[in-house]
S.K.: 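This is the structure I have questions about; it appears just below.
Within every chain, numbering begins at 1; the chains are lettered A, B, ... in the order of the sequence lines, protein sequences first and strands thereafter. Just so you know, these numbers come straight off a predicted model, no measurement behind them.
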Amino acid sequence: MKLSRIIANTGEWLSGAGPHDQIVVSSRVRLARNLKGKPFPGWAKKVERVAVLEEVRAAVEQLPEMEESFSEKLEDLSALEKQVLVERHLISREHAAKGAGSAVVMNTSQTLSFMINEEDHLRMQAIRAGLQLDEVYAMINQTDSELEDALDFAFHNDLGYLTACPTNVGTGMRASAMMHLPGLVMSEQVNKIINSVNKIGLAVRGLHGEGTEAMGNLFQVSNQTTLGETEEEIIGRLNKVIFQILEHEQNARQILLQQRAETLLDQIGRAYGILCHAHSITSKEALNLLSFIKMGVDLGLFPSNNRLHVDELFIETQPAHLQKGLQVAKLGAEERDSLRAALIRTKLKQMPEPEIGKIPTNGSPTTSTSSTSETSEES
Amino acid sequence: MFCDVCKSKEATVFLTQIVDGKMQKVNLCESCSKEKGVNDPTGFALADLLLGLGAAQEIDKNPAGNRCPVCGFSQADFKKTGRLGCSACYDAFAEGLSGMLKNMHRGSVHTGKVPAKLRAGRLRSKELVELQASLQKAVEEEHFEEAASIRDKIRTLEEEVRAEEAELIAIKERTSEVNRIAAPVASEASQDLSVPKPRKQP
Ligand SMILES: [Zn+2]
Ligand SMILES: [Zn+2]
């Protein structure tokens with residue numbers, strides 16, 4: 001199957017539905033595996049890498065769940081195609097930089113993807129919409145078990161699955177959830193959360209950019225340690241923390257509505273105004289403004305049937321996606337910025353102005369500042 | 001003499017431990033010894049402390065441990081890239097890695113998924129460890145007949161395990177060429193000779 005046909009469709013993790021998908025955009029589990037007795041990709045000679053590639057690729061392609069799939073050597077993909085896969089979280093930035101001896105295999109719904117000869121011989125991931133780490137782990141765990149028949153994975157009696165980097169040894173598992181946290185960023189609580197989560201061996205990172213500089217208020221919560229706990233224990237711990245962050249985000253939004261409704265509406269209104277009328281916009285500005293629109297949809301200010309359009313814009317406004325339909329070699333930053341603005345204008349044309357009256361009024365009189373919420377309802 | 005941990009206060013606690021036939025010494029100040037749990041003998045392992053202090057240096061002192069016998073990867077390569085050369089590196093650099101892994105992770109033993117084909121062997125080696133402990137106990141308590149029967153059980157089990165490991169040995173033999181190249185590396189001076197370099201990818 002051709003890559004262009006696969007990427008013509010939005011991946012399931014973006015277009016699909018899942019529990020708590022307003023705040024938890026997607027759940028992903030990645031497993032790192034290596035073949036017994038073969039040097040890791042970073043240390044292997046090219047012939048050795050190619051041999052591993054052939055062996056692993058054949059095993060992956062014959063999996064029943066990969067009947068409808070795309071499989072290609074990285075050297076046969078253009079820079080633009082690789083970048084598109086990175087922007088969709090199907091391969092890593094590091095993998096995209098690899099040449100001969102590496103490959104990517106993925107299914108059509110883009111829920112399963114395999115990086116061959118990234119840092120490890122095989123990195124496989126499952127990704128789905130919303131908070132469903134258990135389901136996603138079950139998916140990738142089954143695939144891993146099926147692959148065991150064909151491939152001999154490097155496994156140590158005490159250390160478990162052996163990986164090129166000691167930080168992944170043991171389960172070789174990295175589980176993560178992508179969360180949209182504008183409420184915590186606006187109320188300046190996000191750093192506190194990041195710090196306390198880091199203390200318990202989990203990590204919160206900005207999806208594009210670190211800490212408070214995270215663009216689009218998108219954060220990735222993941223496990224940092226892989227040795228000494230079972231896969232289920234790690235995911236259990238992660239789930240607990242994600243639920244807490246989810247609750248904090250909901251509370252933060254509630255408090256913003258009660259105490260700073262005017263600011264909130266101002267931000268969403270300005271975001272709408274700029275996005276509908278801009279003729280040149282950078283990726284960073286676009287993501288940050290789209291984040292307010294997304295929150296606006298969550299709060300009921302925009303009809304919910306616009307949700308997918310907004311979510312898609314987070315991906316479609318990325319540099320490689322902007323260019324993928326065009327027959328030009330490479331656009332300059334300025335051309336991209338105007339192309340991006342035009343795309344957003346077109347997509348948001350179908351979206352009505354924010355309906356201020358729809359803002360959920362809160363029924364707890366003890367904390368809400370009635371004056372501001374009244375003003376917002378009248379205007 | 002200064003404390004080996006904080007390097008600022010006077011050392012007042014001197015410890016010696018024999019690990020693998022080598023004597024290791026460590027000198028600590030009052031507060032660091034308390035912090036490291038030296039007063040509590042069950043909670044303290046000198047090796048951990050030493051590895052924590054400078055695992056890399058420990059390995060550097062031991063020329064045989066400088067390179068992985070299977071893939072020829074060196075400790076210096078690891079310092080440079082933060083990645084290992086092959087799965088056998090985990091055994092080659094085990095001493096230095098154990099301290100690092102302890103700091104990095106929540107435990108030092110894998111408790112998660114095991115590939116189906118290895119599950120039986122893994123159970124067996126667990127059994128082996130238990131048998132060895134009871135053998136030692138039997139010997140200490142001078143129950144020699146019991147000890148002899150435990151020893152027989154251990155031998156049978158070991159043979160089974162050995163059969164399963166035959167494949168691994170075969171792999172090691174196949175890489176004997178690398179071994180031959182890496183073997184002469186006994187002194188620091190010859191370190192840069194004829195060891196495969198990581199191929200830069202275009
Ligand atoms: Zn001290
Ligand atoms: Zn090695």
Side-chain angles (χ1 to χ4, degrees), chain A residues 31 33-49 75 97-102 117 119-120 141 144-145 147-149 151-167 169-173 201 223-234 237, chain B residues 68 70-73 77-78 81-91 93-94 96-98 100-119 121-122 124-126 128-129 161 165 167-175 178 195-202:
Chain A
L31 298 177
R33 297 289 185 257
N34 287 282
L35 299 190
K36 202 156 102 182
K38 309 270 166 68
F40 298 138
W43 184 243
K45 297 187 185 105
K46 189 178 166 188
V47 278
E48 292 170 316
R49 280 208 313 274
E75 60 200 287
K98 295 270 152 79
S102 296
N117 281 333
E119 179 182 302
D120 294 299
N141 183 37
D144 176 58
S145 295
L147 283 174
E148 266 172 31
D149 293 334
L151 303 170
D152 266 334
F153 292 136
F155 187 87
H156 189 281
N157 212 27
D158 295 328
L159 299 176
Y161 291 97
L162 299 177
T163 51
C165 184
T167 52
V169 83
T171 58
M173 182 184 80
N223 61 306
Q224 249 177 335
T225 61
T226 51
L227 181 63
E229 287 173 291
T230 66
E231 288 81 356
E232 289 79 9
E233 284 166 342
I234 294 172
R237 227 151 47 80
Chain B
C68 167
V70 174
C71 75
F73 201 75
D77 293 320
F78 178 61
T81 62
R83 306 290 183 274
L84 292 163
C86 78
S87 36
C89 288
Y90 277 93
D91 287 320
F93 306 127
L97 280 171
S98 80
M100 186 183 294
L101 289 171
K102 217 165 258 174
N103 289 333
M104 232 173 233
H105 295 285
R106 282 169 77 92
S108 47
V109 175
H110 177 62
T111 55
K113 184 175 186 178
V114 176
K117 18 185 164 172
L118 299 179
R119 256 166 244 163
R122 200 171 143 87
R124 225 168 288 154
S125 48
K126 226 180 225 166
L128 210 52
V129 171
V161 172
E165 281 173 355
E167 204 186 344
L168 191 74
I169 292 161
I171 289 164
K172 286 196 179 169
E173 273 167 6
R174 256 179 277 144
T175 50
V178 185
V195 170
K197 289 251 157 62
R199 194 64 74 90
K200 275 262 153 59
Q201 300 186 9

S.K.: Considering only NZ, NE, NH1 and NH2 on the basic side and carboxylate oxygens on the acidic side, decide whether B:K117 and A:D152 come within less than 4.0 Å.
M.R.: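 Salt bridge present between B:K117 and A:D152.
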S.K.: Can you name the residues that form a side chain to side chain contact (heavy atoms under 4.5 Å, CB included) with B:R106, not counting sequence neighbours?
M.R.: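 Partners of B:R106 by the side chain to side chain contact (heavy atoms under 4.5 Å, CB included) criterion, ordered by chain and then number, come out as A:T225, A:E229, A:R237.
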S.K.: Which residues pass the side chain to side chain contact (heavy atoms under 4.5 Å, CB included) test with A:E48, sequence neighbours left out?
M.R.: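 Side chain to side chain contact (heavy atoms under 4.5 Å, CB included) list for A:E48, sorted by chain: A:P39, A:A44, A:K45.
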S.K.: Considering only heavy atoms and a distance below 4.5 Å, find which of A:C165, A:G101, A:A154, A:S145 pairs most often with chain B.
M.R.: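 The residue among A:C165, A:G101, A:A154, A:S145 with the greatest pair count is A:C165.
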S.K.: With a 4.5 angstrom heavy-atom cut-off, could you sort out which part of A:L31 is near chain B: side chain, backbone, both or neither?
M.R.: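 No part of A:L31 comes within 4.5 Å of chain B.
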S.K.: Identify whether NZ of Lys or CZ of Arg in A:R33 sits under 6.0 Å from the centre of the six-membered ring of A:Y161 and within 45° of that ring's axis.
M.R.: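 The answer is yes, since A:R33 meets both limits relative to A:Y161.
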S.K.: Indicate whether any N or O donor in one side chain lies under 3.5 Å from an N or O acceptor in the other, for A:H156 and B:D91.
M.R.: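 Looking only at side-chain atoms, B:D91 and A:H156 do form a donor-acceptor pair, the distance falling under 3.5 Å.
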S.K.: Distance from A:I234 atom CD1 to A:M173 atom CE, nearest 0.5 Å?
M.R.: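 Interatomic distance, A:I234 CD1 to A:M173 CE, rounded to 0.5 Å: 4.0 Å.
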S.K.: Is chain B contacted by the side chain of A:E119, its backbone, both, or neither, given a heavy-atom distance below 4.5 Å?
M.R.: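 Contact with chain B involves the side chain of A:E119 alone.
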S.K.: What residue, out of B:C89, B:P115, B:A116, has the most heavy-atom pairs lying under 4.5 Å from chain A?
M.R.: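 Going by pairs under 4.5 Å, I would pick B:P115.
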S.K.: With chain B as the partner, which of A:T230, A:L227, A:L162 has the greatest number of non-hydrogen pairs under 4.5 Å?
M.R.: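 With the most close heavy-atom pairs to chain B, the winner is A:L227.
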S.K.: Which answer fits B:L101, side chain, backbone, both or neither, if we ask what part of it has an atom under 4.5 Å from a heavy atom of chain A?
M.R.: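 The answer is the side chain of B:L101.
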S.K.: Does any backbone or side-chain atom of A:N141 lie under 4.5 Å from a heavy atom of chain B? Answer side chain, backbone, both or neither.
M.R.: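 For A:N141, heavy atoms of backbone and side chain both lie under 4.5 Å from chain B.
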